[in-house]
Structures are given as structure tokens and as C-alpha cells.
Protein chains: 4
Amino acid sequence: MTKKPTKAAMSSADRANAKHDAPPGNDAAPASSRAARAAERRAAIVEAAMEEFIARGFAATRLDDIAKRAGVAKGTIYLHFKDKESMFEELVRIVIVPVVAKLNALPPPTGTVRELIETFAGNFLKEVIGTRRGDLVRLIVAEGPRFPSVADFYYREVVSRGIAGMRGLIELGIARGEIREKNLARYPQILVAPAMIAVIWQSLFARHAPLDAQEMLRVHLDLIFGERRTT
Amino acid sequence: MTKKPTKAAMSSADRANAKHDAPPGNDAAPASSRAARAAERRAAIVEAAMEEFIARGFAATRLDDIAKRAGVAKGTIYLHFKDKESMFEELVRIVIVPVVAKLNALPPPTGTVRELIETFAGNFLKEVIGTRRGDLVRLIVAEGPRFPSVADFYYREVVSRGIAGMRGLIELGIARGEIREKNLARYPQILVAPAMIAVIWQSLFARHAPLDAQEMLRVHLDLIFGERRTT
Amino acid sequence: MTKKPTKAAMSSADRANAKHDAPPGNDAAPASSRAARAAERRAAIVEAAMEEFIARGFAATRLDDIAKRAGVAKGTIYLHFKDKESMFEELVRIVIVPVVAKLNALPPPTGTVRELIETFAGNFLKEVIGTRRGDLVRLIVAEGPRFPSVADFYYREVVSRGIAGMRGLIELGIARGEIREKNLARYPQILVAPAMIAVIWQSLFARHAPLDAQEMLRVHLDLIFGERRTT
Amino acid sequence: MTKKPTKAAMSSADRANAKHDAPPGNDAAPASSRAARAAERRAAIVEAAMEEFIARGFAATRLDDIAKRAGVAKGTIYLHFKDKESMFEELVRIVIVPVVAKLNALPPPTGTVRELIETFAGNFLKEVIGTRRGDLVRLIVAEGPRFPSVADFYYREVVSRGIAGMRGLIELGIARGEIREKNLARYPQILVAPAMIAVIWQSLFARHAPLDAQEMLRVHLDLIFGERRTT
DNA sequence: TATGAATGAGGTTTCATTCAT
DNA sequence: TATGAATGAAACCTCATTCAT
């Protein structure tokens, strides 16, 4: 009803240099300690919010629960985020950015394309499928239509890069003769599809029928590269 | 604001017995009109609820909006459904059951396995990808974890049958020499994965990068069956 | 799910003479049958409403439940009563009037005053305490403040008459030397108080500590008339 | 319309620690004012709820009205009580506990039994009959059957103790020769009955026929103890 | 900066009453 | 006359957001 701008929303970056210098007298290192504590709190909120949003979805998540889980008061959340909606949006960014960063820090592309992709799949298996990170993917699928900015961000930062990267690998594989199906480069989604399905399957159907994602991905690669010799 | 019948929503089954007594000439009394109107209303509610749940997800959907869209009063919804939650659960059943029924009315399996699967993919393309039915799939992915009964139902009625059916086709393809990769029968998910990805892609990223699902599926089948001759 | 009329609720008695008479022409006694049916229905509604109002109080009673219990449709209630409120008010009248009528049909006042009062107490014990009629008293105590017309009616028809009657008996007792405490005639409530308490006790505390109302009333009369010889 | 603090409702116990820190001199910060305000609010809610429940009964009372009367927002009620039902149950406890406490702080039993009982009756007259406390008794009679926990509590804390206390006094009276009717000790309800009737009479029939409760109780005691000399 | 009590709009659900059949 | 589907006002309760401390 009353609309008051609430400058509390500043990102931690903003926040960092927003420190006001201490009361006269004794203030040895508390400045950094202050900032550190704030960053910790923010991290706790982000972590807690992730858990809750994943468990319940955006609309059904209560800030009260996030606060409780993060060990802060409800009001504190508003010192870090403008409101629930932008918290969700920032959240996705905050969690995804380091993933993208890691992807960009490519390992030097040595070995065969199959080996490269197998390595990649291995990481994906370990760090995404069946983990909270995987659930985040499902969360984005779930909330994307209501949060275009989230879908935009996710497409721009993750999907389009992932597709481009895969396309590059596929073209390399084709050039080297490892991959026969030339049209695959036009639809790198095909390469990724089983991995995505595995992510979703773990969230929804794991208890009905557990899925050996690793083995499935291997079969999929055999399909693309032809039968392999060893593992 | 009030009254906006929207009888468009009725499933064809509902529709069948919702008709007055068809025989032309005799139309003295609107005999079954009471029951018919009730069925129409119920169908309108189902249709409206589908739209709203798909557009906003379970928690963010307001019964008020469903009622408005269905052209009924809020209270009317409660004549048909116990509460919001069971409305959602029944909804999924109501919409999915006829789909399953249609799948069970198999077309006589003639021709090559590839042809069979292409036909199937064609239907899927036309009737699921990019349609409200596709959005329902996304909705189930989104809400499944919070509605185990929905996930259970969907697994039992759709997923497990779909997987089984695909496995059968794959085995046939292997037996006939159409499919070389024998392990594929262990993971029919691989066969379906690109189709599922297409469904999700249309919901989330169509406006960022339109996807020619038909062509993608064709490439995927080439990968599995080897290069095709004709279309 | 779909609402199945359930007119099954009618008692078999109702049902028996529920026969509708034949096609036009023959209309022997249907007028009376009509009226009879209506009266029966009304009686069923009154009975059902009593039960429900006693069990739940005015506000918490649902017309739906009354209708169900009476074996009529909800709308039918409105053919007999203007609305819930006046139904309640009329109800009290309907149930109480015959009681008053019976009281007015006094048994010829023979014997000692104590015998008269003992007879009266005996009837009260049998017909009020621990019965639905007793619950009605509690209901009036409960709802009286919100239904002045009910309280008025009850005071006028029952309380004031009862008090007057008791006062007459007390004065007779005093005149005959059966009762020593002359001031008792000024407060006949004292004579009735334990009986009323018994009514309330049965409703509220019977399961905590059963009360032998008969014996209590006897002790009370001993107090007023002096020790008795026999029962 | 908004804001009508009504702090009058606090029980004396609440009030005690609702005060700021009394020790004069040190009053720099309104230290406990947070807690104090909370206690005040709670007391206001309790008071308002009492009024409304008494005026309308449980089912017909609107939380909105309680909030308005207490001068708080609707949501505030839920900071103090789980829901309407448990609010009602707690309410009875909150109001009755101090009464019981006061009863337990017995005045030294000096004088004759009749004097003792007259004193007690006098207090009852002043503090219960015709007061809101009396209305509470009627409310319990009204709602008891639907709130077994309330009836239980009331029986345990008030009725059973009251009965036991009265029985003790009666036995004392019999032992001292003040009371002749020995069976009275078996039904102390008889001793209390006119007082209870007075309570109910005031709620329901005061405007039809005012009742001089004091005089009635005196007559009742005369009946039990024999004619008195003085007042 | 951090808190959490307080707010009140808004959501779900109930139910007295109406009215077309 | 009787029905019961439909209505929609109104009740309870939740929870994002604010703000005094």
C-alpha cells in the first residue's frame, strides 16, 4: 500500500563499499568483519532459499521458512533482496554464474572428442544429476514461464552456450571422422537430451524405477560414436 | 464478467453424452439438459483450470480466476471438486486418460519399425509439442515432486507404458536388423529424450531460438536407424 | 464425485404414503393426501432441525444437514419456513406449545402438595432431564440472548407460567402447613432450581460425574417439606 | 473505528509484569516495553474475544469483530492464538484460572457456617451474577457440548472443586448442628442451584422480570439453616 | 545492521438462499 | 409442490512486507 523504495536491495557488491566507517574510537578490524558477516548471512539466505524454492516452488515458499532455515530474521532478508520475486531471480543468477564460469575455464581439449564428451558427461553425472543442482534445472523448467527474466538468463548464460559448445565438439567429431551423422551438428540438443531426461527422471521417477544414468549416457554415446572398446 | 460459458472445453467423450437426444425431429423437451448443463460446466471448469494451472502453476493459481474463466461462480467449483488440491490431481487424470486410451487403441503395426516410430513421432509432434498438452507435461514435471499422486499416476499410466512400448519397438527393430545398437533396448528413454526436450524447449525457449522439432526428430531417427532414403 | 440425488433419506413411513395419485380424472382424496404429505414433511423438517440445532447450536447448523436428515431437498425447507432464523424461532414454538398444553391440562389437584410436586418432578425427570427436551432447554439458554423473540416466548409460555404455578402450589403448601418457610412463595425459582441444574448437569457433566437426579430432587423436597416417611 | 486499545482486559497477573521496569531512577530505555505492548495487545484480544463470544456464541463470532474491538489487525490474533477454536478454549482458561486462584486463597474460615456461606454468596452476587463473568458461565453451558475440552476444564477446575468445597461446608454445618438435613451433603448442587439459576435468569429474563438474587439466596439459606436473626 | 511483531490484502472454502426445471 | 445446482457474500486464515526498536 505505501510503497517505500527500500534501497535494501543492493547486491553484495554494492553493499561492500557501502560500509560506513566506524564510530570514533576503537574499531580495529570490525569493518572487514562486518562485511564478512554480511556476506555470510547473504550466503546463508541464498542457500536456504535455494532449498526451499526447490522443495516447494516459488509461490508456495514462505519467506518465514527461508529465514528460519538461514538462521536470520525475516526482516533481514529485505536488507539483501528487494522482494521475493527479485530474490528468486537473483538466486538463479547467483547459483548459476559460478557454474558458467567453471565451464568457461575449459580444460585444454586433448584426446578424442568422445573422450572429451565422456569427461564432460562424467562431471555432469557427478555434479548435476540427482543433486540439488539438478533440481535447480527442474525448478527453472517449472518457473521459467512465469519468470521470463529467469528463462532469458538461463537461455543466454547456460543453454545457448551449452548448445554452442556442443555444436563445436560435434563438428570437431565430424571433422575427425569420429561422428558419422553429419546433421547432428544442427541439433546438439540430441546430444544433451538423455542427460536432461536423466535429471528430470531422478526428480520425478527415481522411486518408481531407478535409472542408471551413467550407463544410459554411455549407450547414448555408443549410438553416436559407434561401439566403444574400453571404458 | 459473469457468464462466459466456454463450452469449448469438453472432452470429446464428455461431449458425446452431453448432447441432447440427437434423433432429428423429436426435440420436444430438453430432456437431459440438466445433466448436460452440469457436464458442460464441469468441462468448462476443467478446461479453465488447465489453462490457469499451466499458466501459473498450482500454488499461484487462484480459484477465482478459474471460476471467472470458466464462467461459473466460485462456489460451483466445489460442486465438482473437493478442493484445489484434488482438483489439480483429478485434472491431470481427466486430461491424460483419453490420451492413454487413444494410445491403447493401437494402429495395426504394419511396415518397418522406423515407419512405425515416424508415425508415432508425427502424431506426437502434431498433438503434443507446442500444444497445451505439451504444457501439461511441463506442468507435471514442475509440480510432480509436490504431488506424488500425480507423479505416480503419470508414471504408471504414461511413462511406464510408453517406455514398455518403446522397448518393444526397439527390440523388434533389433530383431529385424533395423537397429544396430543392441543396448538401446535397455534405455528406451534415449529414443524418447529428444521429443521430451522438444516439448520443454517449446515452453521455455521457443522465443529465444525456435526449434524445428520435426527435423530434429528425423535426425535423431537417422542416428538410430541409419541414414534414411525418403521422407 | 458427481452428486447422486439420494432421496433415499425418507423414512419408510414417509415413503409409504408418498404415493402420488393417478392421472387427471380420478382425484378422490388427494387434497387431504397432499396436505397430509405436506404436514409430514414439515414435521420431518422440524424434527430434523431440532436434532441439528441441539447438536450444534444455531449458527453452526447447516440447512443441508437438516434437509438430509429430514429426507427432503434443501429448497423444500424454504417452502415451509422463511429462513433459517425464523425456522429456529418457529421451531421452539412448535416444540414447546404441546408441552404447555399438556401442563395446562392439569391433573386434578388431589393429595398433599408434596405428592403433587413429587408427581410433577417425576414427570419432569422422565420427560425432560437427560432427554432431547432437556437439551432444548439448554439450547434456549444458549441462544436466548441472540434470539430475544425466543427468550420472550419461552419466558411468557413456560417460565412465567411455571413460576406462577409453583407459587400457587407453594402457597397452598404454606396454607396447609406442609411448608414452613413462608418466603419461599416469593421465590418459586428455589423450588425449581435443582431440577434445572439437573438438566444442565446431564448435558455437560454426566460423563464426569453422573448425577442421580431423582434422589437429588427428593432430598431437595425433604429440605422444603421436612423429612418424608416412605417413597 | 480503528485503535481502541481497551487495556482494561488484562488479568491482574498479566498486568503485573506488563509494567515497565519499575525501579525508579533507571529508565533510560523503555526496556521491556516490547514485551509490555505484546502483553497489552494479548489482553485486549482476550477481552474483546470474551465480549464477542458472550454476545454471539462461538460460531457466530467473527474474528474480524474481535480484531476491531481489540484495536488490532486480524493477523495479530494469530500471533497469539492458533485458531478460532483454540482461542476460545484458551480464553476460558485465561479468564477462569485467576478466579480459581482467588478461591484457593481461602479467607480464614471463622464464624458460623452460615456466615461463611453468606460471605461467599455475597461475593458471588457481586462478582458473578449479572456480570460478564456470569455470562461466561452461560457461555460455557451453551458451548460445552461442542467443546468437550472446555467442559472438561470447567468441570475439573471449577465445578468439582466447588462441589467439594460446598460439601465440606455442609458437613461442617451438619456436625455443628447448623444444618438439619443430613442428606444435603450428598447433593451440594442443591446449595448452589439457586445461585446458578440467578446467573442464568439475569442473562435471559432480567428484562422480563428482574430477580432480586440477594434476597432469593437469603431465603434459600433460611430454608437450609432455618430462619435467621440478623442480615 | 538486525529483529520480529504487526499489518491487511488476498486466498480458499462454506453455506444460506434462489430459481429453472 | 419439490428439487438441488448454482450463486456469491462472507468467514477463516496465511504470508509478503513494513517499521519501531
Side-chain angles (χ1 to χ4, degrees), chain A residues 1-4 6 8 15 18-20 34 37-38 41 59-67 72-80 82-85 87, chain B residues 2-3 29-31 33-35 37-38 41-42 59-65 67 72-85 87, chain C residues 3-7 18 20 34 37-38 41 59-67 72-80 82-85 87, chain D residues 2 29-31 33-35 37-38 41-42 59-65 67 72-85 87:
Chain A
M1 179 139 296
T2 26
K3 299 279 119 188
K4 244 192 63 191
T6 321
R15 185 135 242 151
K19 64 174 80 119
H20 37 191
R34 272 283 175 88
R37 282 255 307 280
R41 278 189 137 82
T61 290
R62 287 174 302 233
L63 291 195
D64 243 335
D65 290 344
I66 293 177
V72 301
K74 225 187 326 177
T76 304
I77 293 176
Y78 286 84
L79 300 176
H80 293 272
K82 179 169 155 288
D83 58 16
K84 192 184 177 190
E85 214 158 295
M87 173 164 59
Chain B
T2 32
K3 308 274 118 182
S33 100
R34 197 69 156 280
R37 284 257 305 280
R41 279 193 138 80
R42 186 183 165 87
T61 290
R62 288 172 303 229
L63 291 190
D64 241 344
D65 289 345
V72 302
K74 235 181 314 177
T76 304
I77 293 176
Y78 288 85
L79 300 176
H80 294 272
F81 300 96
K82 182 173 150 290
D83 58 14
K84 192 184 175 187
E85 211 158 299
M87 173 161 60
Chain C
K3 304 276 118 187
K4 243 190 66 193
T6 319
K7 68 175 171 186
H20 37 193
R34 272 282 174 91
R37 281 252 309 277
R41 279 191 135 80
T61 290
R62 285 173 303 231
L63 291 194
D64 242 333
D65 289 343
I66 294 177
V72 302
K74 224 185 327 178
T76 304
I77 294 176
Y78 286 85
L79 301 176
H80 294 270
K82 178 168 156 291
D83 58 16
K84 193 185 176 189
E85 213 158 295
M87 173 163 58
Chain D
T2 31
S33 101
R34 196 66 158 281
R37 283 257 305 280
R41 280 195 137 82
R42 187 184 164 88
T61 289
R62 287 171 304 230
L63 291 191
D64 241 345
D65 289 344
V72 302
K74 233 181 317 175
T76 304
I77 294 176
Y78 289 86
L79 298 177
H80 293 273
F81 301 96
K82 183 173 150 290
D83 56 16
K84 193 185 175 187
E85 212 158 297
M87 172 161 60

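Keep in mind that what you see is a predicted model, and the values were worked out from it rather than measured. Letters go in sequence order (proteins before strands), and every chain restarts at 1.
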If you look at every heavy atom in K84(B) and A59(B), which pair is closest and at what distance?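 That closest heavy-atom pairing would be NZ-O, 3.3 Å.
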What are the two closest non-hydrogen atoms of A38(B) and H80(B), and how far apart are they?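 Reported closest heavy-atom pair: O-CE1, 3.7 Å.
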Can you work out whether T76(A) or E85(B) has the more 5'-proximal nearest nucleotide on DNA chain E?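 It is T76(A) whose nearest nucleotide is closer to the 5' end.
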Could you work out, with salt bridge (charged side-chain N to carboxylate O under 4.0 Å, His left out) as the rule, every residue matching K82(B), not counting sequence neighbours?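 K82(B) satisfies salt bridge (charged side-chain N to carboxylate O under 4.0 Å, His left out) with no other residue.
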Considering residues at least two apart in sequence or located in another chain, which fulfil the salt bridge (charged side-chain N to carboxylate O under 4.0 Å, His left out) criterion with D65(D)?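 D65(D) satisfies salt bridge (charged side-chain N to carboxylate O under 4.0 Å, His left out) with R56(D), R62(D) once adjacent residues are dropped.
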In whole angstrom, give the distance that lies between atom [atom1] of [X] and atom [atom2] of [N].
| X | N | atom1 | atom2 | result |
| --- | --- | --- | --- | --- |
| M87(D) | dC12(F) | CE | C1' | 10 Å |
| D83(D) | dA11(F) | CG | P | 17 Å |
| I77(D) | dT14(F) | CD1 | C1' | 14 Å |
| K84(D) | dC13(F) | NZ | P | 8 Å |
| Y78(D) | dG4(E) | OH | P | 23 Å |
| D64(A) | dC13(F) | CG | C1' | 14 Å |
| K82(C) | dT18(E) | NZ | P | 9 Å |
| L63(C) | dA16(E) | CG | P | 4 Å |

Taking the side chain as every heavy atom from C-beta outward, state whether M87(A) and L63(A) have any pair of such atoms under 4.5 Å apart.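 Yes, close enough: below the 4.5 Å cut-off.
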OP1 or OP2 of [N] less than 4.0 angstrom from a side-chain nitrogen or oxygen of [X], does that happen here?
| X | N | value |
| --- | --- | --- |
| R62(D) | dC12(F) | no |
| R41(D) | dT7(E) | yes |
| H80(B) | dA6(F) | yes |
| K74(C) | dG4(F) | no |

Please compare T61(D) and T61(A) by the position of their nearest nucleotide in DNA chain F and report the one closer to 5'.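 Upstream on the strand: T61(D).
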Distance (rounded to the nearest 0.5 Å) between I77(C) CD1 and D64(C) CG: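 Spacing of CD1 (I77(C)) from CG (D64(C)) equals 8.0 Å.
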Between atom CZ of R42(B) and atom CG of L79(B), what is the distance when rounded to the nearest 0.5 Å?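 Reported to 0.5 Å precision, the distance equals 11.0 Å.
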When the axes are fitted on five pairs at both termini, how much does the helix from dA2(E)-dT21(F) to dT21(E)-dA2(F) curve, in 10° steps?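 Answer rounded to 10°: the end axes differ by 10°.
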